[in-house]
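Structure first, then comments.
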Amino acid sequence: MKLVITGASGLIGSALAREAEKNRIEVVKLVRRTPKEKNESQWDPNKGVIDLAALENSTAIVHLAGAGVGDHRWTKKYKKEILNSRVNSTETLANAIVNLRTPPSVFVSGSAMGYYGDTADVAVDENAGLGEGFLSDVVFNWEYAAQRVRSNNIRVVHPRTGLVMSKRGGLLKKVLPLFRFGLGGRLGNGKQYWSYISLEDEVRAIFHLIDDVRLTGGVNLTNPNPVTNAEFTKALSSVVNKPAFFNVPGFALKIALGEFSVEALGSSRVLPSKLKASGFKFNHSDILSTLNSAITY
């Protein structure tokens, strides 16, 4: 088996590469810088430059590259970078894949639960339509950019990933130090739903998407038991054995985070119906188990 990964230096990509190599799977990492290792190949997604030889005879290509949504304030310039980093890279890969002599059997092209927008307290799955807002627009265009591959009869799967819980990165890396010092607390009123998944289950689910030929299109990679922010706060406080009395008011978040505060205060109650129906079993099916895994995995 040969696995090509973009975004291999990120939280999910690096964990996926480690797990693949542990299982003696050949891994090729597409990097933008000058390659430093034998299994790296340079590409420039903005210019459409990629080495086709690095992709030949691959079993699957997993595309996870993209500018971090929460890394900077959402200025007009950075919002453009969020969109272009996903669309341009996906188009570059799609154009390359359809020109391979021996293309992969599946293209796992990254996506996010932002597809559904703010769902309030309504639970949604893959049958729900496109939501509203900046991230919904980004995800729509991100997924659409892969359509050329599907038209060439190559299976395309979009993992619509939720909040990945790991001390190594993402949301948990930012809030964990605060909770460990007893400075954690709710964001806003705490009633907004957060759909999450452990990093371990995220990696296992991506391999499941590669292996299960029945899975196509958008597939939610979220835990079957989403929680409110207040429930998350209580659980993390319990895991680190520290009180969490603080509360960050909504207006303060809007001042500190700008437009991105919409995501922190928004509600996403997203269920993994297709994943469960395909037989996938979560190792961490509740928030306590997920957080305990997150601070060790």
Side-chain angles (χ1 to χ4, degrees), residues 5-16 32 45-46 62-91 93 108-119 124 130-146 158-176 178 187-188 192-199 202-203 205-206 218-223 226 229 232 248 250 253-270 294:
I5 304 174
T6 75
S9 63
L11 175 64
I12 301 171
S14 59
L16 182 69
R32 302 185 188 201
N46 289 324
V62 180
H63 176 37
L64 301 171
V69 171
D71 290 355
H72 302 280
R73 288 180 69 90
W74 282 5
T75 62
K76 184 176 180 180
K77 179 180 179 181
Y78 194 65
K79 286 171 71 174
K80 184 177 180 181
E81 183 176 347
I82 289 172
L83 174 63
N84 290 345
S85 67
R86 287 159 173 76
V87 173
N88 293 348
S89 59
T90 304
E91 288 179 343
L93 277 170
V108 180
S109 186
S111 186
M113 68 177 181
Y115 177 92
Y116 305 103
D118 191 326
T119 73
V124 299
L130 180 69
E132 298 180 350
F134 170 66
L135 286 186
S136 294
D137 292 342
V138 168
V139 174
F140 173 81
N141 286 285
W142 192 6
E143 293 188 2
Y144 184 79
H158 301 290
R160 293 176 180 164
T161 298
L163 298 170
V164 179
M165 294 295 166
S166 169
K167 66 178 181 180
R168 299 172 185 267
L171 171 79
L172 190 61
K173 182 180 180 180
K174 294 180 179 180
V175 303
L176 187 57
L178 295 175
L187 301 182
Q192 67 272 31
Y193 274 91
W194 283 7
S195 295
Y196 61 91
I197 186 170
S198 71
L199 179 58
E202 172 78 8
V203 170
I206 291 175
V219 179
N220 297 336
L221 267 55
T222 56
N223 191 281
N229 172 254
F232 169 85
V248 182
L253 276 175
K254 291 176 183 177
I255 293 172
L257 302 179
E259 190 178 348
F260 180 63
S261 65
V262 173
E263 298 307 312
L265 297 171
S267 186
S268 296
R269 195 176 183 182
V270 179

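One is the number of the first residue; the rest follow in order along the sequence.
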Testing Val108, Val62, Val219, Ile12 one by one against Pro159 for a side-chain contact (heavy atoms from CB on, under 4.5 Å), which residue passes?
Val108
Euclidean distance, [Y] [atom2] relative to [X] [atom1], rounded to 0.5 Å:
X      : Y      : atom1 : atom2 : result
Ile206 : Ile5   : CD1   : CD1   : 8.5 Å
Phe134 : Leu83  : CZ    : CG    : 6.5 Å
Arg269 : Thr119 : CZ    : OG1   : 8.0 Å
Asp118 : Leu135 : CG    : CG    : 11.5 Å

Kindly write out the residues that satisfy side chain to side chain contact (heavy atoms under 4.5 Å, CB included) with [X], not counting sequence neighbours, or none if the list is empty.
X      : result
Ser166 : Leu11, Arg168, Leu199
Leu178 : Leu183
Leu163 : Met113, Met165, Leu171, Trp194, Tyr196

With a 3.5 Å distance limit and no angle check, can you tell me whether [X] reaches the backbone of [Y] through a side-chain donor-acceptor pair?
X      : Y      : value
Ser89  : Pro45  : no
Ser111 : His158 : no
Arg86  : Glu143 : no
Gln192 : Leu187 : yes
Thr222 : Ser195 : no

With [X] via side chain to side chain donor-acceptor pair (under 3.5 Å) - residues at least two apart:
X      : answer
Asn46  : Asn88
Ser109 : none
Tyr116 : Arg160, Asn220
Glu91  : none

Tell me, please, which residues at least two apart from Tyr78 pass ring-ring contact (aromatic ring centres under 6.0 Å, His included).
His72
Please give me the minimum heavy-atom distance between Thr6 and Leu64, naming the atom from each residue.
OG1-N, 2.9 Å
Could you pull out the closest heavy-atom pair between Tyr115 and Ser136, with the gap in Å?
O-OG, 3.4 Å
CA sep, side-chain torsions, deciding dist, call: Ile82, Trp74, side-chain contact (heavy atoms from CB on, under 4.5 Å):
CA-CA 9 Å; Ile82 289 172; Trp74 282 5; 3.7 Å; yes
